Number of protein chains: 2
Amino acid sequence: MSKSDPADGNTQERIFEAASAVFEEKGYTGARMQEIADRAGINKALLHYYFRTKEQLFKAVFQVMLKKMFQKITSIFAEEIPFKEKIKRFLDDHIEFLIKNPKLPIFLLNELSQNPSVSEGLKEIVNYDELRELIYSKHAKELKGYGIKKSDMPQLMVTVVSFSIFPFAARDMIRLMMPEIEDNKKFNAYMRERKDFASDFIFSALKHRKK
Amino acid sequence: MSKSDPADGNTQERIFEAASAVFEEKGYTGARMQEIADRAGINKALLHYYFRTKEQLFKAVFQVMLKKMFQKITSIFAEEIPFKEKIKRFLDDHIEFLIKNPKLPIFLLNELSQNPSVSEGLKEIVNYDELRELIYSKHAKELKGYGIKKSDMPQLMVTVVSFSIFPFAARDMIRLMMPEIEDNKKFNAYMRERKDFASDFIFSALKHRKK
DNA sequence: TGTATATTTGACCCGTTGGTTAAATTTAAA
DNA sequence: TTTAAATTTAACCAACGGGTCAAATATACA
């Protein structure tokens with residue numbers, strides 16, 4: 001092996017990385033096999049040698065991205081720490097993760113809405129039923145104290161994740177509207193600020209909630 | 001004028017409606033001029049006669065959609081009613097609007113992130129500076145009482161709009177994960193429930209907020 | 001070393017897609 | 001009714017894009 005190829009590593013990995021980047025940037029329909037090949041430093045035919053079709057390649061990439069997005073979330077919520085700690089940890093970890101992968105949210109959301117079939121693996125990755133059960137049973141006392149019934153869990157959970165995910169999905173809208181958040185650096189600072197803002201907001205709301 | 005064309009109205013309008021639908025569904029790259037022509041009941045050449053290029057047509061459509069999305073929001077916040085009333089009105093109106101246009105959020109967010117140049121008109125439509133000034137000066141007392149400084153406004157405003165917009169953007173993710181929200185009817189009910197959940201949540205948080 | 005197998009490439013194929021053109025038809029005005 | 005302008009159409013075009021193929025090269029192993 002005496003290659004000076006840019007970005008060494010076996011071909012399959014290089015393809016996978018290139019494909020991830022291109023799909024994430026341009027979406028499924030906007031992505032071009034040629035560009036993926038170029039970015040992986042290979043021939044287009046070789047691309048099809050490793051992954052028969054664009055769709056096959058896409059599904060593989062998409063699956064991994066879904067996993068990256070959700071595994072951290074779910075693993076934190078499965079830990080044996082107080083509820084409040086979980087929310088804080090979630091916000092901290094997830095926002096840091098999204099700072100490193102800022103385009104992931106719109107990409108996933110968009111592809112999911114465009115082609116729900118790609119999401120066949122979602123149930124295996126997330127297992128929401130188990131997760132909700134886990135959270136609710138482990139923190140029954142606390143949640144009841146906040147007046148959160150089991151039937152409120154969907155509202156609460158969507159609310160919590162929206163604190164981290166939404167601003168990234170709406171990043172360009174925010175950037176265009178709010179002059180105080182023009183560039184990446186400022187946006188990231190804004191999101192780090194948001195960790196505390198969000199957890200204060202959430203816990204103040206829960207404590208004081210109408211029941 | 002003795003036409004029996006489906007969906008009467010002048011050609012330009014028909015094109016515009018068809019284009020809106022197709023773009024919203026498939027996104028810019030996924031949309032096909034042929035499909036737009038078909039849906040408008042006309043020839044593809046005629047489409048190019050009215051709108052020179054795909055991009056031109058897209059920009060026109062996108063601009064109008066942005067307007068639809070934001071005008072209601074901003075107009076409510078400009079009214080002369082108490083702050084709490086504004087939040088409630090916003091959530092009510094905006095969620096009802098989005099129930100009628102459920103695909104708008106992902107579409108706008110995605111296209112904005114894919115091609116930020118299409119958004120040149122955003123500043124004219126929204127004028128965030130004015131809006132924030134308007135809100136903050138009109139409700140200075142109340143907001144200060146909640147410990148909201150001017151510099152907190154971006155956090156607060158993003159939070160408020162995320163309550164209505166995010167669940168629609170994440171609709172399919174939610175639908176796939178939460179069995180209690182499989183179909184449209186249930187999702188809409190969930191969102192109507194969310195009006196009260198959100199305003200209670202927001203005001204409890206504000207009242208009890210760490211300063 | 002020879003040979004089978006895996007990897008890589010350049011050239012090519014063909015359906016799709018945005019866009020054009022010239023001619024036909026309709027509309028409106030003189 | 002003539003005629004000029006606006007509207008609509010069918011046929012076409014060139015570029016693009018996913019995918020294939022046969023040949024070339026590298027790798028592994030007997």
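Letters go in sequence order (proteins before strands), and every chain restarts at 1. Quick caveat, the model's predicted, so the values are computed rather than measured.
- Gln12(A) places its CD atom 15 Å from the C1' atom of dT8(C), with the value rounded to the nearest Å.
- For DNA chain D, the neighbouring residues in residues 48-62 of chain B, judged by any heavy atom under 4.0 Å, are Tyr49(B), Tyr50(B).
- Partners of Phe203(B) under the ring-ring contact (aromatic ring centres under 6.0 Å, His included) rule, at least two apart in sequence or in another chain, do not exist in this structure.
- Contacts classified as salt bridge (charged side-chain N to carboxylate O under 4.0 Å, His left out) and involving residues 162-172 of chain B (residues at least two apart or in different chains) are given here: Asp172(B)-Arg175(B).
- Distance Gln34(B) CD to dC12(D) P: 16 Å, rounded to the nearest Å.
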Where do N or O atoms of nucleotides 22-25 of chain C meet protein N or O atoms at under 3.5 Å, pair by pair?
none

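- The CD-P distance, from Glu13(A) to dT7(C), rounds to 14 Å in whole Å.
- At least one cation-pi condition fails for Lys68(A) and Phe97(A): the charged atom is not both under 6.0 angstrom from the six-membered ring centre and inside a 45 degree cone around its axis.
- The Leu46(A) side chain lies nearest to dT9(C) when the options are dT8(D), dT9(C), dG19(C).
- Side-chain atoms of Lys44(B) and base atoms of dG18(C) include a donor and an acceptor less than 3.5 Å apart.
- Between Phe187(A) and Phe168(A), the distance separating the two ring centers is shorter than 6.0 angstrom.
- When the P atom of dT26(C) is taken as reference, atom CG of Asn10(B) falls 19 Å away, rounded to whole Å.
- Following rounding to the nearest Å, Leu47(A) (CG) and dG10(C) (P) show an atom-to-atom distance of 14 Å.
- For the side-chain contact (heavy atoms from CB on, under 4.5 Å) test, residues two or more places apart in sequence or in another chain that qualify with Glu79(A) are Ile76(A), Ile81(A), Arg89(A).
- For the pair Met33(B) CE and dC16(D) C1', the computed distance is 16 Å after rounding to whole Å.
- When only modelled atom types and interatomic distance are considered, Asn10(B) and Glu13(B) share a side-chain donor-acceptor pair under 3.5 Å.
- At the heavy-atom level, Ala37(B) lies nowhere under 4.0 Å from the strands shown.
- The Asn43(A) side chain lies nearest to dG10(C) when the options are dG10(C), dG18(C), dG18(D).
- Residues passing the side chain to side chain donor-acceptor pair (under 3.5 Å) test with Ser117(A), sequence neighbours excluded: Asn115(A).
- Taking the centre of each ring, Phe62(A) and Phe23(A) stay at or above the 6.0 Å mark.
- Under the 3.5 Å distance criterion, with hydrogens and angles disregarded, a donor-acceptor pair is assigned to the side chains of Lys86(A) and His139(A).
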